[in-house]
**Student:** 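Here it is: the structure, laid out below.
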Amino acid sequence: MPYELGTSGPDPALSDKSLGGHFRSGDRYYGNGARLCADPIVVLPRRARELRGRGYVKDARRGRDRRETGPKTRLCPRAHAYDACLRHTWKSSAALGKVKLWKLKVPLPADLCEKPPSEGCRGKSMAAGEFWDIVAITAADEKQELAYKQQLSEKLKKKELPLGVQYHVFVDPAGAKIGNGGSTLCALRCLEKLYGDEWNSFTILLIHSGGYSQRLPSASALGKIFTALPFGSPIYQMLELKLAMYIDFPSHMNPGILITCADDIELYSIGESEFIRFDKPGFTALAHPSSLTVGTTHGVFVLEPFNHLEYRDLEYRSCHRFLHKPSIEEMYEFDAVCRPRNFFQQEFAGSDIPSLKLEPEYVYTDSLFYMDHKTAKKLLAFYEKIGTLHCEIDAYGDFLQALGPGATVEYTKNTSNVTKEESELVDMRQRIFHLLKGTPLNVVVLNNSKFYHIGTTEEYLFHFTADSSLKSELGLQSIAFSLFPSIPEYSTNKPCIIQSILDSTCSVTPGSVVEYSRLGPDVSVGENCIISGAYVKTTAVLPAYSFVCSLSLKMNGHLKYSTMACGVQDNLKKNVKTLSDVKLLQFFGVCFLSCLDIWNLKVTEELFSGNKTCLSLWNARIFPVCSSLSDSVTTSLKMLNAVQSKSTFSLNNYKLLSIEEMLFYKDIEDMITYREQIFLEITLNRKQSD
């Protein structure tokens, strides 16, 4: 049984074997939106929950109809849950392994429709080697650590996660920020303390989720790894998607650690008989073809020469050197720029499957990477020797740039991509370089792949509302487990409603996302808004490009609420050093000084929390504290509308908090309870409607 928080056990953070559960069809795994299967898949309704709270199924198709019409058809439980009997379908050539995506109306056999998942396999542990031994999530501080543990406990209690793996949350040490590289080192130390030599034989998934998500603050309180996705019942979150995307990896991996970030999605297609293998010494990284412009914001691989004249979906290559966020000029200088070769393919008469199209010039960019256990132990020994980190280390920029025969020490002095340069940064980088120099960097080139990042408000809105590619590839829905009358068939993008209850007279403009919220009569949401955790009881207008996110707070033992309201394009991270420079900040497109005048607030040091030489919208005390959730939303909307209309709305009579302080006082339990209330009401409504 899982250890509940506050009970005895080796790790009250959830240390029992509590994860597993994926689908295996014959000798192949399915059930993930990431592995683009090499022939058509018909998605089963209401089967998504089979991924959650159970062991694997030897043959998910057993006892199912299997119709051989034209190309081979799999009935495969994917990570989706729909209510209709018409499904999205992957269509591709089994021989080519190439994928073209479009909607097909495929009627499913009547016996498959609305069939509840089998309960027989729920709670069973995974067989050794079939899934991850450990799934670890990093947290920035103890408040975030507790929030993650609470959410994991809830998900395990509801069997929303598979069983069979050790779950851990590893928190960064207090003090200076140490970056995701420092978090990796810290996680290695935690593993050593918990398991001793036992982890030598483990396959470990390490998910970096320790940031405060200042570019997508709706994920700040509960964490990027728990970002809701618009499909499933219950709603799927990024954690479940990560487990599904990497479902093939553990059984083709030597003991070691796969390192990934919480806010990215990797989709790929490879041949039917191929697997991505992590079985070489040193580091192994995935590589995706990208434009040179994309390469300037990612890591770029300079690959060793390759003899094959034809592309394949999957290629194993060696890396000469790794460039971190290089300029386009540097890509040319170091021979990172590639030009298309011929693509290996077999011609099929009348085939409508297109071959992969590459840009005239492109680079291979990074996503996740693996390190074998021997390399992990080397890094751990280094960390034990230095003791405490006092600077930010980048797992990509500082680990991978040291690898490959072409690596040089010059990059260690380049601090242009560093958010805060500490005095010991260059020295620490150089020590890591000399530690890792000579370690091989193997690259798994996925020529038919896509990389998505959902870490900013702009990316979040685009991918959930306007991006037809990702929506079709993952089966994202416009209305996901919500009560909302209907969405008109717009010619372009649509709104996205996730586990929310909206009145029949409520309107949501295309391009906006509403999650975990209740919107009452005559509430109007403008375009490109993000509404999260809110309760709007009365008539209200939310201006276009509004960001509204409500948090429950525990202050002096009392339950309170505060709602951050700003513009989706506001830069919450931008900071100034002095009060006289506050005029350089902008709130909802308006000079922040003008906003303060509208709210009748003075520019003083007391206006800002935290570091008084780092003044930003993030630590500006401008958000009212209220006794009820609905009052909180209403009050914050008034301050937002006052800025838009340039009319006065005084905040003098309110207790005010910054976003920074809201996160300190956040009451995770109450926020989870609010979401659960919405879930139960939607579930009851659906049962009554059936």
**Student:** Mind checking whether F592 and W599 have parallel, tilted or perpendicular rings, split at 30° and 60°?
**Tutor:**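 Ring orientation, 0 to 90° scale: perpendicular.
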
**Student:** Identify the heavy atoms of D670 and S552 that sit nearest to each other, and give their distance.
**Tutor:** OD2-OG, 2.7 Å

**Student:** Could you tell me whether the side chain of S524 and the main chain of S507 form a donor-acceptor pair under 3.5 Å?
**Tutor:**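 Not at all, since once roles are kept as given, no pair shorter than 3.5 Å links the two residues.
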
**Student:** Determine yes or no for a side-chain-to-main-chain donor-acceptor pair under 3.5 angstrom, with S616 supplying the side chain and W618 the backbone.
**Tutor:** yes

**Student:** Quick one: does T539's side chain have a donor or acceptor within less than 3.5 Å of a partner on V523's backbone?
**Tutor:** no

**Student:** Just verifying a value: how many Å separate E660 CD and R621 CZ, rounded to the nearest 0.5 Å?
**Tutor:**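 It comes to 8.5 Å.
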
**Student:** Counting distance only, does the side-chain N/O of Y674 pair as donor-acceptor with the main-chain N or O of A534 below 3.5 Å?
**Tutor:**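 Pair found, side chain donor or acceptor close to backbone of A534.
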
**Student:** List in chain and number order the residues that pass side-chain hydrogen bond (donor to acceptor under 3.5 Å, both in side chains) with T634, two or more places apart in sequence or in another chain; answer none if no residue qualifies.
**Tutor:** none

**Student:** Verify, without hydrogens or angle tests, whether T505 (side chain) and D522 (backbone) share a donor-acceptor contact under 3.5 angstrom.
**Tutor:** yes

**Student:** Between K574 and L584 (side chain of the first, backbone of the second, donor and acceptor by atom type, cut-off under 3.5 Å), is there such a pair?
**Tutor:**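 Present.
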
**Student:** Does the T457 side chain pair with the main chain of V568, one donor and one acceptor, at a distance under 3.5 Å?
**Tutor:**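 Here the side-chain-to-backbone pair exists.
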
**Student:** Give me the ring orientation class for Y460 and F464: parallel if the planes are under 30° apart, tilted from 30 to 60°, perpendicular past 60°.
**Tutor:**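 Tilted, since the angle between the ring planes falls between 30° and 60°.
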
**Student:** Is it true that T260 and Y246 share a donor-acceptor pair across their side chains at a distance under 3.5 Å?
**Tutor:**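 Present: a donor and an acceptor within the cut-off.
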
**Student:** For G179, does its backbone N or O pair with a side-chain atom of S183 as donor and acceptor, under 3.5 Å?
**Tutor:** yes

**Student:** Measuring only between side-chain heavy atoms, which start at C-beta, is Q144 closer than 4.5 Å to V171?
**Tutor:** no

**Student:** May I ask you to test the T683-K687 pair for a side-chain heavy-atom distance under 4.5 Å?
**Tutor:**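 Sidechains of K687 and T683: in contact.
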
**Student:** For S636 and T563, indicate whether the former's side chain and the latter's backbone hold a donor-acceptor pair under 3.5 Å.
**Tutor:**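 Yes, the answer is positive, given that a donor and an acceptor are paired below the 3.5 Å cut-off.
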
**Student:** Looking only at side chains, do S609 and S658 share a donor and an acceptor under 3.5 Å apart?
**Tutor:**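 A donor-acceptor contact under 3.5 Å links the two side chains.
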
**Student:** Got a sec, which pairs hit salt bridge (Lys or Arg N to Asp or Glu O under 4.0 Å) with one end in residues 165-175, sequence neighbours left out?
**Tutor:**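 Checked against salt bridge (Lys or Arg N to Asp or Glu O under 4.0 Å) - neighbours excluded - no pair reaches residues 165-175.
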
**Student:** How about T184 and H208: does a side-chain donor come under 3.5 Å of a side-chain acceptor?
**Tutor:** yes

**Student:** Answer whether the closest heavy-atom distance between the side chains of L617 and C566 falls below 4.5 Å.
**Tutor:**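 L617 does not reach C566 side chain to side chain.
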
**Student:** Tell me the closest heavy-atom pair linking L615 and V582, and the distance in Å.
**Tutor:**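 It is CD1-CG2, 4.3 Å.
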
**Student:** Quick check: closest heavy atoms across Y561 and L629, and the distance to 0.1 Å?
**Tutor:**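 For Y561 versus L629, the nearest heavy atoms are CD1-N, 3.4 Å.
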
**Student:** Take atom NZ of K583 as the centre, draw a 6.0 Å sphere, and report whether it contains more than 12 heavy atoms from other residues, nucleotides or ligands.
**Tutor:** yes

**Student:** With the threshold set at 4.0 Å, does a side-chain nitrogen-carboxylate oxygen contact exist between K157 and E154?
**Tutor:** yes

**Student:** Let's go through L185 and R189 carefully: what are the C-alpha distance in whole Å and the side-chain angles of both, what is the deciding distance for side chain to side chain contact (heavy atoms under 4.5 Å, CB included) to 0.1 Å, and is it a yes or a no?
**Tutor:** CA-CA 6 Å; L185 298 176; R189 176 186 284 173; over 6 Å; no

**Student:** What I'd like to find out is whether the side chain of N180 reaches to under 4.5 Å of the side chain of D394, using heavy atoms alone.
**Tutor:** yes

**Student:** Within the side chain of K224, is there an N or O that forms a donor-acceptor pair under 3.5 Å with the backbone of G455?
**Tutor:** no

**Student:** Please confirm whether Y148 and F226 have ring centers closer than 6.0 angstrom.
**Tutor:**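 Close enough - the centres of the two rings lie under 6.0 Å apart.
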
**Student:** Thinking salt bridges, do D263 and K242 make one under a 4.0 Å N-O criterion?
**Tutor:** no

**Student:** State, yes or no, whether a side-chain contact exists between I265 and L474 at a heavy-atom distance under 4.5 Å.
**Tutor:** yes

**Student:** Can you name the closest pair of heavy atoms from T465 and S512 and give their distance?
**Tutor:** CG2-O, 3.7 Å

